[in-house]
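Input: a single structure, listed below in structure tokens.
So you know, we letter chains A, B, ... as the sequences are listed, proteins then strands, and number each from 1.
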There are 2 protein chains.
Amino acid sequence: MRRMTARPANAHQARLLRLLRDGGPNSRAQLGDQIDLSRSKLAVEVERLLETGLVVADGLAASRGGRRSHNIRLAPALRFLGVDIGATSIDVAVTNAELEVLGHINQPMDVREGPVAVFEQVLSMAAKLRSSGLAEEFDGAGIGVPGPVRFPEGVPVAPPIMPGWDGFPVREALSQDLGCPVMVDNDVNLMAMGEQHAGVARSVGDFLCVKIGTGIGCGIVVGGEVYRGTTGSAGDIGHIQAVPDGRPCACGNRGCLEAHFSGAALARDATEAAQQGLSAELAARLEAAGTLSAVDVAAAAAAGDATALALIREGGNRTGQVIAGLVSFFNPGLVVIGGGVTGLGHTLLAAIRTQVYRQSLPLATGNLPIVLGELGPTAGVIGAARLISDHLFSPA
Amino acid sequence: MRRMTARPANAHQARLLRLLRDGGPNSRAQLGDQIDLSRSKLAVEVERLLETGLVVADGLAASRGGRRSHNIRLAPALRFLGVDIGATSIDVAVTNAELEVLGHINQPMDVREGPVAVFEQVLSMAAKLRSSGLAEEFDGAGIGVPGPVRFPEGVPVAPPIMPGWDGFPVREALSQDLGCPVMVDNDVNLMAMGEQHAGVARSVGDFLCVKIGTGIGCGIVVGGEVYRGTTGSAGDIGHIQAVPDGRPCACGNRGCLEAHFSGAALARDATEAAQQGLSAELAARLEAAGTLSAVDVAAAAAAGDATALALIREGGNRTGQVIAGLVSFFNPGLVVIGGGVTGLGHTLLAAIRTQVYRQSLPLATGNLPIVLGELGPTAGVIGAARLISDHLFSPA
DNA sequence: CAACTTTCTCCACTGAGTGGACAAAGAGAG
DNA sequence: CTCTCTTTGTCCACTCAGTGGAGAAAGTTG
């Protein structure tokens, strides 16, 4: 089953694998410039990696005025599977060892159906990708779930929106089914890793990645590493109080951010507004579809509907207030906004920025970019692939 | 001048020095159990440390059924200076290499007098400790200032309550004056390091340390290391909005936590209450002293004054709400409450606990102790000594 | 073809670290 | 007191990671 039987034997080899993953194919000489090793030692370690098959030398590069270099690259047949389980859909992608997405499919789904039903879908999607010729087998898989995870074991804990998943051995089950190593993490953390690897957060050490979808979560990256907290629930900002004595939330409290702004809350507020006759635009869409979603609000806003715009702005203000607090506390070098609601675009971003720049101190905001994620739905799957590759490209 | 000329030559030696600092005197055999080195190699490194004089072997320990062991300990003459500059007072202490406080003095002061005047006081306090025979010279000094610091350079940046300190080269100036290496940090971070080294936070990897004094700040420890943020302002929670459209704050905004609860805010509110005739107890104290401070409120509360208790409770609730948000976000393993206002004791702690346990999700609070710091004013100076010893006990 | 670059390989040498043998020094049993 | 066992510390030969220099291989430029 499992194909990538070899693992780097020491820290040098792990380092080399990551350099090749992040920097693409390279000559020995170029690798030598990026790693603190003599040419001799480097050659030895590369040789060993070639023996294991993790790395191949294919062809000669063009000369740069001297002897032509051998191109060293990660084994081109290596394949990682990235799975991003949201509240209402599944994303599955195949990547090569450089974490480039070779194929990506998406399906609607409801997490509340429980892990067994969801895994069936994931496996059939993986099979579909495999049968399309993108991969024979997978060398590793990363998977994100929309709730807190006990990271070392790869098991969800007390996930509010995923009844039936509590304690389910996701890592072990999927590893059995796929016949390869698996790592599990919170979906928000994977989005952060994705934007860090291939998106807006490259070369930023400390940043926050706020994902606004059905719920709201926040990935925290400290010194280039995802911070998960003591019990794996770090970044769970959806239940921070945004409005004193505000709307009741599913968690039992009142005024939680998530109760006031999220995909679900926005749909609810838009429906209310339509029923109260506040917006002809929204009412028409409700009439047509029978139900409203965040996408409808985005469309209405794009069409210039004042009510829709006001809803987005208010939600952005709430979110911005909470983020302002987090910025004061955490002093990040970057804030990334992502998730399904980014379809709301710059109206949302402007509202968030206004609040943060107004409320936080200049020292924290002076040089703080607040930007939309640039990878969209691929952030999660790339992050998932990166998670497992980080694991496999570390000393055994 | 400088006495501790030697520094550990490699990571092993640094590790050994820290083991001896944190675990006290030890035999070679016991050290071997705590470090991943063969006895032979260990003996070599210990021998080298003995040669440098950083470490001494004095006497034999009692036998445990075999050959008696030599006691290896850090040079008993090593002395660190810990300085904690608050808004209204200075704490200075001398410690030995194990960071035990040998002498500690405190003086009232006003940071707004500027760095030159304050440093004069610090130096005279240090001289006093020296002349009392506790130290001949200092091998290193750590200093905490009540504002953000550019850590690598040891320079305060844009400190709101310390006009005149912005950009002042604290590290370099003090190093010149004392003739020893100096490290500078935010006072709150030092308090966190102190409680981590010798207080309630031993053996906790991720925790928050909230210091409520003239202002409010929060030390953040991630994986045993202080997290300082991108510009050194991490943990600056005093200006998180606690009350929408609340009291005006010195920073220009409204409703900042610090404007509603802090030593200064409490004094102001108590004075108002006394003048409005809400509390005979507070009015009497105001009459007697001409002015009220947080200490008066604490005393009135201890005497059972309802108004004072209400003020403390309300402040605790505000603070607790903010901390609840931080707990959701950061998912710490411990929250420590410290600073001058801890004199308010369990009324304050109870209010904070109530808010946090009520508002944050069970997964984050399930096993979360919220406790008062156990070191009081020595936390800062111990943290300062630890800061410089961490620096000196690292490979050169 | 000569001169110069760049890349890669080979090899002798250094030095960190290991593990086992053994010496030193004590406790406890008979 | 002697013998055995335990604990601590020292010594030494050996392994292996890593270095740096010499030089071969394979180009470009003039």
Identify, between A:R39 and B:R48, the residue whose nearest nucleotide on DNA chain C lies closer to the 5' end.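 First, find each residue's nearest nucleotide; the 5'-ward one identifies A:R39.
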
Tell me: [atom1] of [X] to [atom2] of [N], nearest whole Å?
{"X": "A:Q30", "N": "C:dT6", "atom1": "CD", "atom2": "C1'", "value": "11 Å"}
{"X": "A:Q13", "N": "D:dG18", "atom1": "CD", "atom2": "P", "value": "10 Å"}
{"X": "A:L42", "N": "C:dC10", "atom1": "CG", "atom2": "C1'", "value": "15 Å"}
{"X": "B:D36", "N": "C:dT18", "atom1": "CG", "atom2": "C1'", "value": "12 Å"}
{"X": "A:E47", "N": "D:dA17", "atom1": "CD", "atom2": "P", "value": "15 Å"}
{"X": "B:R28", "N": "C:dA25", "atom1": "CZ", "atom2": "C1'", "value": "15 Å"}
{"X": "B:N10", "N": "C:dG17", "atom1": "CG", "atom2": "P", "value": "7 Å"}
{"X": "A:L37", "N": "D:dA17", "atom1": "CG", "atom2": "C1'", "value": "10 Å"}

Give me the ring orientation class for A:F393 and A:F80: parallel if the planes are under 30° apart, tilted from 30 to 60°, perpendicular past 60°.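 Because their plane-to-plane angle is over 60°, the rings of A:F393 and A:F80 count as perpendicular.
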
Any N or O donor-acceptor pair linking the side chain of B:S40 to the base of C:dG17 at under 3.5 Å?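 For B:S40, whose side chain was compared with the base of C:dG17, there is no donor-acceptor pair (under 3.5 Å).
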
Return yes if the base of D:dT8 and the side-chain atoms of B:R67 contain a donor-acceptor N/O pair under 3.5 Å, otherwise no.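 Yes, a donor-acceptor pair under 3.5 Å.
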
Can you find a side chain N or O atom of A:H70 that sits less than 4.0 Å from OP1 or OP2 on D:dA26?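 Checking A:H70 against D:dA26: no side-chain N or O falls below 4.0 Å of OP1 or OP2.
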
Is the phosphate of C:dG17, meaning OP1 or OP2, less than 4.0 Å from a side-chain N or O of B:H12?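 Affirmative; the distance criterion is met.
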
Quick one: side chains of residues 31-39 of chain A, donor-acceptor pairs under 3.5 Å with protein atoms, not counting sequence neighbours, listed by atom name and distance.
unit_1	atom_1	unit_2	atom_2	d
A:Q34	NE2	A:Q30	O	3.4
A:S38	OG	A:K41	N	3.3

Taking for each residue the nucleotide of DNA chain D bearing the nearest heavy atom, is the 5' side occupied by A:L60 or by B:N71?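 Going by which nucleotide is closer to the 5' end, it is B:N71.
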
Shortest side-chain distance from [X], nucleotide among [options]:
{"X": "A:A29", "options": "D:dG18, C:dC8, C:dG17", "value": "C:dC8"}
{"X": "B:R64", "options": "C:dT18, D:dT8, D:dG18", "value": "D:dT8"}
{"X": "B:K41", "options": "C:dT9, C:dG26, C:dG17", "value": "C:dG17"}
{"X": "A:S38", "options": "D:dG20, D:dT10, C:dA27", "value": "D:dG20"}

So, for B:F138 and B:C180, which heavy atoms are closest and what is the spacing to 0.1 Å?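 Distance-wise, the nearest heavy atoms are O-CB, 3.3 Å.
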
Considering only NZ, NE, NH1 and NH2 on the basic side and carboxylate oxygens on the acidic side, decide whether A:E51 and A:R48 come within less than 4.0 Å.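 Between A:R48 and A:E51 there is no salt bridge, as every charged N stays at least 4.0 Å from the carboxylate O atoms.
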
Please list, chain by chain and in numerical order, all residues satisfying salt bridge (Lys or Arg N to Asp or Glu O under 4.0 Å) with A:R228, sequence neighbours excluded.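 Result, salt bridge (Lys or Arg N to Asp or Glu O under 4.0 Å) vs A:R228: A:D185.
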
